[in-house]
Amino acid sequence: MAVFDRGRRIELVASDMDGTLIHEAGGLPSAHAIELIERLMDHGVIFVAASGRRQVNLERLFAPIADRIGYVCENGGFAQFRDHRPMIREFEQDDIEEICRLGAEHACQALIEGPYTSYAPSSDTDLLRYMREEVGYEMRAIEHLEDIDEPIIKISYFVDPARTKSVCEFFQREFEGRFSVMTSGPIWIDLAPEGVSKGSALRDLGRTLGIDVANMLAFGDEANDRVMLDTVGHPYLMEGGNPELRGLNDRIRLCSSVEDELERLLAETEARANA
């Protein structure tokens, strides 16, 4: 449990979605979470949805407040706050071709992400159906990589959960020093350009908004949250999250409920405002 701390000054709160703020496949943030976020924003605290998902998907999740919050999408490949210029980090074309080819050789289906559209080969009918019907993505089926006419900021391998760990370790060795490779749940392995992460995106947003990472708080649960939780001054790991992240740094705290911690932060913020 977090300690009530009137001295800490939080200017930005970031939260992962799946397994952190959302606990069911296809679920939504709770109405209580939306209310707490809105009240914190009324006190000047910025909220950022930090996810492997696309912005349009996140905007649907936060529909009541979508135009007030910030977004770190595709594990940091795309970041934006309101009308500020978006920050985009993309793959080179040759890298995209290599990643997709090696993935296919190891029986991995590739979900290819641009800032505004998601793509998969037309032959991957199961993946296209899953993303459209189960995840709610608007997918575009392609025949060739050349059919994509926007920057590619993330590529995800869709794998059998029994193989996720071993396949991830293989590609971490294969692409060491070139790309970031991490799991983002039991069936996904995410690849991004080297140095791209939710943490680097939050640092960049902080520079744009004049907020030091020491005054940021973040919630996460998986390997794709590692850099974010190691970057911010106040990191929270979900109790059911990846055990490898426990002890990541001397600041990290375990958290059973994002809403509970937001309530504590709101109480601190209101007490400071009324002092």
Side-chain angles (χ1 to χ4, degrees), residues 14-27 49-54 57-58 72-78 89 91 95 98-100 102-113 118 120 124 126-127 130-131 134-135 137 152-202 218-231 235-249 252 254-255:
S15 181
D16 171 57
M17 295 296 106
D18 300 293
T20 303
L21 194 59
I22 298 174
H23 301 287
E24 298 177 358
S51 175
R53 302 189 188 205
R54 291 174 51 220
N57 183 268
L58 294 173
V72 166
C73 312
E74 313 293 7
N75 290 332
F78 181 93
R89 297 283 301 278
F91 283 105
D95 294 337
E98 180 184 4
I99 290 168
C100 291
L102 288 179
E105 289 176 1
H106 289 81
C108 302
Q109 296 171 289
L111 175 68
I112 305 167
E113 301 276 14
S118 299
D124 287 343
D126 288 345
L127 178 58
Y130 173 78
M131 294 305 298
E134 302 295 329
V135 183
Y137 271 33
I152 299 305
I153 56 180
K154 189 185 77 171
I155 300 172
S156 297
Y157 290 141
F158 181 74
V159 297
D160 184 311
R163 301 175 59 228
T164 302
K165 186 175 186 295
S166 61
V167 172
C168 183
E169 290 173 349
F170 171 80
F171 284 113
Q172 284 173 336
R173 294 191 298 269
E174 188 74 17
F175 294 136
E176 184 176 5
R178 298 178 58 202
F179 313 125
S180 298
V181 182
M182 67 205 83
T183 58
S184 62
I187 59 175
W188 290 109
I189 299 169
D190 291 345
L191 288 85
E194 183 66 17
V196 173
S197 67
K198 295 180 184 180
S200 65
L202 283 179
F219 300 96
D221 74 314
E222 256 297 348
N224 63 339
D225 300 314
R226 174 184 292 272
V227 180
M228 176 172 73
L229 296 179
D230 206 26
T231 296
Y236 286 81
L237 173 67
M238 304 308 292
E239 287 182 348
N242 191 326
E244 294 180 3
L245 298 183
R246 298 193 180 204
L248 176 64
N249 54 55
I252 202 159
L254 291 181
C255 168

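Residues take their numbers from the sequence shown, with the count starting at 1.
- Residues Ile189 and Thr164 have side chains in contact (heavy-atom distance under 4.5 Å, counting atoms from C-beta outward).
- Inter-residue side-chain proximity for Asp95 and Phe175 is flagged as unmet; no heavy-atom pair is nearer than 4.5 Å.
- The CD atom of Glu74 sits 11.0 Å away from atom NZ of Lys198, with the distance rounded to the nearest 0.5 Å.
- Annotation: the span from Asp190 atom CG to Asn224 atom CG amounts to 6.0 Å, rounded to 0.5 Å.
- Between Phe91 and Phe179, the ring planes are perpendicular. Angles over 60° get that label, and only those under 30° would be called parallel.
- No side-chain heavy atom of Phe158 sits less than 4.5 Å from a side-chain heavy atom of Cys108.
- In this structure, CZ in Arg163 is found 13.0 Å from CD in Glu169, a value given to the nearest 0.5 Å.
- Arg226 is listed as a side-chain neighbour of Leu245, based on a closest heavy-atom distance under 4.5 Å.
- Scanning for side-chain hydrogen bond (donor to acceptor under 3.5 Å, both in side chains) contacts around Ser180 gives an empty result, with sequence neighbours left out.
- Between the OG atom in Ser200 and the CD atom in Glu194 there is a gap of 10.0 Å [rounded to 0.5 Å].
- In this structure, Tyr157 and Phe171 have tilted ring planes: the angle between them lies in the 30° to 60° band.
- Checked by atom type and distance alone, the side chain of Asp225 never pairs as donor or acceptor with a backbone atom of Met228 at under 3.5 Å.
- In this structure, the side chains of Arg54 and Ser118 come closer than 4.5 Å at one or more pairs of heavy atoms.
- Remark: Ile155 CD1 to Ile112 CD1 distance equals 6.0 Å, nearest 0.5 Å.
- Glu222 and Thr183 share a donor-acceptor pair across their side chains, judged by distance under 3.5 Å alone.
- Ion pairing of Arg178 with Glu98 is present here, as a side-chain N (NZ or NE/NH1/NH2) and a carboxylate O approach within less than 4.0 Å.
- A heavy-atom distance below 4.5 Å is not found between the side chains of Phe219 and Leu21.
- Residues Leu191 and Lys154 are not in side-chain contact: their nearest non-hydrogen atoms beyond the backbone lie 4.5 Å or more apart.
- Distance check: Asn75 CG to Arg89 CZ gives 13.0 Å after rounding to the nearest 0.5 Å.
- Within the 4.5 Å cutoff, the side chain of Glu113 has heavy atoms near those of the Tyr137 side chain.
- Taking a 6.0 Å sphere around CD of Glu105, one finds it holds more than 12 heavy atoms contributed by other residues, nucleotides or ligands.
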